Amino acid sequence: NRIREIAPENKTTSFKFTALGYQEEAKDADGRRTISKRDYSATGWTDTSVVFLKYNDTRTFANIDLTTYTPSANDDIIVTSRESDLVGNALRSVDGNGNETVNVYDAMNGLAFTTLPAVADYDDNNAVTNPTVLVHRNKNRQVVAKQDARGNWTTIKYDSMLRPWETIVE
């Protein structure tokens, strides 16, 4: 359950996997570790990864209280997570800075909209907003229109063989 890769400078990067093939540890050529785990629930699963910024850090998930963790500038770890539903759709992800992205799907598991991390809108007196990206689909489940975080629409037209043939950005 281990894989090793040797870099040109004779440094080794190693990976450790569970019996089911899920990567549970990676160690880069300079000795920094990343540990990952997957927690299952009745509604899906959550993948969590911790990157240790100090070399040869031997802590495990048991040594880190993720329930109270909040990112700060002086941390020696970076924590990311991704929640998925039972079919594997990414519902919520949190990056190493604590920024959250939320995806909502329609009844056919097509992405309906995404709420992006909070940003300051320069055009609106630096008001903090959570931009949303919308997606519209046709009866064939193809994306026919997308609205970006600024409200601009992109329309996609398809030919009789369901191939995209025109994209209009408004």
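Bear in mind the structure is a predicted one, so any value in this text is a computation, not a measurement.
Members clustered with Met108: none, using a 4.5 Å side-chain heavy-atom cutoff among hydrophobic residues. Grouping Ile, Leu, Val, Met, Phe, Trp and Tyr by side-chain contacts under 4.5 Å, direct or through others, leaves Val94 on its own. Cluster note: Leu66 groups with Ile35, Val50, Phe52, Phe61, Ile64, Tyr69, Ile77, Val79 through ILVMFWY side-chain heavy atoms spaced under 4.5 Å, whether in direct contact or through intervening members. Residue Val133 belongs to a hydrophobic cluster whose other members are Leu116, with links defined by side-chain heavy atoms closer than 4.5 Å.
A donor-acceptor pair shorter than 3.5 Å cannot be found between the side chains of Asp28 and Thr13.
The salt bridge (Lys or Arg N to Asp or Glu O under 4.0 Å) contacts involving residues 82-97 comprise Glu83-Arg92, Arg92-Glu100, where partners must be two or more places apart or lie in separate chains. Screening residues 107-116 for salt bridge (Lys or Arg N to Asp or Glu O under 4.0 Å) gives no qualifying pairs among residues at least two apart or on separate chains. Each ring pair (Phe, Tyr, Trp, His ring centres under 6.0 Å) pair with one or both residues in residues 145-170, not counting sequence neighbours, appears once here: His136-Trp153. Within the structure, no pair that satisfies the ring pair (Phe, Tyr, Trp, His ring centres under 6.0 Å) test touches residues 76-104, not counting sequence neighbours.
Annotation: side-chain hydrogen bond (donor to acceptor under 3.5 Å, both in side chains) contacts of Asp65 (sequence neighbours excluded): Thr67, Thr68. Remark: Asn130 engages no residue in a side-chain hydrogen bond (donor to acceptor under 3.5 Å, both in side chains) (not counting sequence neighbours). Partners of Ser49 under the side-chain hydrogen bond (donor to acceptor under 3.5 Å, both in side chains) rule, at least two apart in sequence or in another chain, are Ser36. In this structure, the side-chain hydrogen bond (donor to acceptor under 3.5 Å, both in side chains) partners of Arg59, at least two apart in sequence or on a different chain, are Asp57, Asp76.
Residue Asn125 places its CG atom among 12 or fewer non-hydrogen atoms of other residues, nucleotides or ligands, all under 6.0 Å distant.
Between Glu24 and the options Lys16, Arg33, Arg38, Lys37, a salt bridge (Lys or Arg N to Asp or Glu O under 4.0 Å) holds for only Lys16.
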